[in-house]
Amino acid sequence: MTLPEAAGLALSFIARLITGAQGHWQGSPPMAEQRIYFANHQSHFDWVLIWAALPRELRAATRPIAARDYWTNGAFKHWLTREVFNAVYVSRTRSDDEDPLEPLVQALQNGDSLVIFPEGTRSNKGEPQPFKSGLYHLAEQFPNVPLIPAWIDNVLRVMPKGEVLPVPILCSVTFGAPMQLDAGEDKRAFLERARSAVIALAAA
């Protein structure tokens with residue numbers, strides 16, 4: 001077993017120990033197929049929780065999106081996201097001619113699954129903020145990849161914005177039924193429908 005594999009198992013154990021990391025699958029059982037998971041975003045712990053809630057055999061092919069400036073500004077954070085989570089780095093500051101979706105498109109073209117947060121930034125307001133257009137463009141370019149909404153519950157109390165160390169509190173991730181971009185559906189309608197699919201899982 002390699003060091004990144006051992007670290008991944010240890011992190012999964014720690015995440016489950018701290019939060020329970022329970023995964024509830026409603027309408028989309030865990031399957032070894034390419035998917036785009038999209039969820040509400042409250043803390044840096046969000047994608048760790050989703051990753052830990054996935055079956056072990058799906059984790060290697062499921063890559064989180066990570067802000068390059070934050071997750072590469074320290075040797076350990078860079079190693080962790082690169083070697084353990086195989087993150088897709090995106091730049092939050094870029095030139096006008098730089099396509100922010102290019103790293104995600106490349107990952108999907110390689111057959112990887114993705115974990116994305118369409119709000120684009122963390123929020124502590126309960127319901128997700130309006131979704132940015134990235135999810136729509138990915139759905140448009142990869143119509144055969146199922147989009148799986150997910151609701152992360154309680155994680156804001158585990159690792160609030162600005163905090164470094166997690167607090168032991170039970171959390172869960174509820175995965176909803178797959179959705180796709182409908183023929184002729186415009187961007188605004190699709191993004192609102194996707195956001196509503198995430199919010200609906202909160203009640204479940």
Side-chain angles (χ1 to χ4, degrees), residues 11 15 18-24 26 28 35-54 59 62-73 77 80-81 84-94 100-101 103-104 107-108 112-139 147-167 169-176 178-179 187-188 190-204:
L11 284 169
I18 293 174
T19 70
Q22 301 176 55
H24 305 291
Q26 299 188 358
S28 59
R35 292 174 165 181
I36 298 174
Y37 299 93
F38 63 97
N40 57 313
H41 193 21
Q42 298 179 1
S43 84
H44 286 310
F45 206 67
D46 289 341
W47 52 268
V48 178
L49 189 61
I50 288 184
W51 182 82
L54 291 172
R59 293 175 195 157
T62 304
R63 305 176 64 186
I65 307 305
R68 183 183 300 276
D69 60 318
Y70 179 83
W71 289 104
T72 63
N73 69 358
K77 287 195 295 185
L80 187 70
T81 51
V84 177
F85 294 105
N86 193 22
V88 178
Y89 294 115
V90 295
S91 299
R92 291 191 285 192
T93 58
R94 49 190 172 268
L101 293 181
L104 286 66
L108 290 168
D112 297 322
S113 294
L114 295 179
V115 177
I116 70 174
F117 302 99
E119 294 170 81
T121 187
R122 289 167 288 154
S123 171
N124 59 3
K125 297 180 180 179
E127 290 191 352
Q129 300 179 71
F131 284 2
K132 297 186 181 301
S133 61
L135 182 64
Y136 170 81
H137 293 302
L138 292 177
L147 310 172
I148 308 296
W151 175 264
I152 305 171
D153 188 48
N154 240 4
V155 74
L156 183 60
R157 296 171 61 196
V158 173
M159 199 166 182
K161 192 171 184 177
E163 295 297 325
V164 176
L165 296 176
V167 178
I169 292 175
L170 286 178
C171 297
S172 64
V173 182
T174 303
F175 299 93
M179 59 176 290
K187 181 172 64 177
R188 180 177 296 182
F190 168 79
L191 293 175
E192 184 54 40
R193 182 163 65 91
R195 179 175 176 272
S196 296
V198 171
I199 293 172
L201 295 172

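Along the sequence shown, residues carry numbers from 1. Bear in mind that the values here come from a model prediction, so they are computed numbers and not experimental data.
- In terms of modelled atom types and a separation under 3.5 Å, the side chain of S113 and the main chain of R35 share a donor-acceptor contact.
- P100 places none of its side-chain heavy atoms less than 4.5 Å from the side chain of V90.
- In this structure, the side chain of S28 does not engage the main chain of P178 through any donor-acceptor pair within 3.5 Å.
- The side chain to side chain donor-acceptor pair (under 3.5 Å) search around R188 returns none, not counting sequence neighbours.
- Take A39 and apply the side chain to side chain contact (heavy atoms under 4.5 Å, CB included) test, not counting sequence neighbours, and it matches I50, F117, A150, I152.
- Inter-residue side-chain proximity for L201 and F175 is flagged as unmet; no heavy-atom pair is nearer than 4.5 Å.
- Partners of T81 under the side chain to side chain donor-acceptor pair (under 3.5 Å) rule, at least two apart in sequence or in another chain, are Y89.
- At least one side-chain heavy atom of S91 sits less than 4.5 Å from a side-chain heavy atom of R68.
- For the pair L135 and A194, the tightest heavy-atom approach, listed with the atom from each and the gap, is CD2-CB, 3.9 Å.
- Listed by chain and residue number, R63, V88, D112, L114 satisfy the side chain to side chain contact (heavy atoms under 4.5 Å, CB included) test with A107 (two or more places apart in sequence, or in another chain).
- Residues forming a side chain to side chain donor-acceptor pair (under 3.5 Å) with K77 (at least two apart in sequence, or on another chain): N73.
- Legend: residues meeting side chain to side chain donor-acceptor pair (under 3.5 Å) with S196, ordered by chain and number and at least two apart, are E192.
- Side-chain atoms of Y37 and I116, non-hydrogen and from C-beta on, never get closer than 4.5 Å to each other.
- R195 places no side-chain N or O within 3.5 Å of a backbone atom of F131 that could act as its donor or acceptor partner.
- Taking every heavy atom of both residues into account, A197 and M179 meet most closely at CB-SD, 4.1 Å.
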Legend entry - Step-by-step side chain to side chain contact (heavy atoms under 4.5 Å, CB included) determination, H24 to V173: CA-CA 6 Å; H24 305 291; V173 182; over 6 Å; no

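- Residues forming a ring-ring contact (aromatic ring centres under 6.0 Å, His included) with F38 (at least two apart in sequence, or on another chain): none.
- Looking at heavy atoms from C-beta onward, I36 lies in side-chain contact with L108 at the 4.5 angstrom threshold.
- Using a 4.5 Å heavy-atom cutoff, the side chains of E119 and K132 are not in contact.
- No side-chain heavy atom of S133 sits less than 4.5 Å from a side-chain heavy atom of F190.
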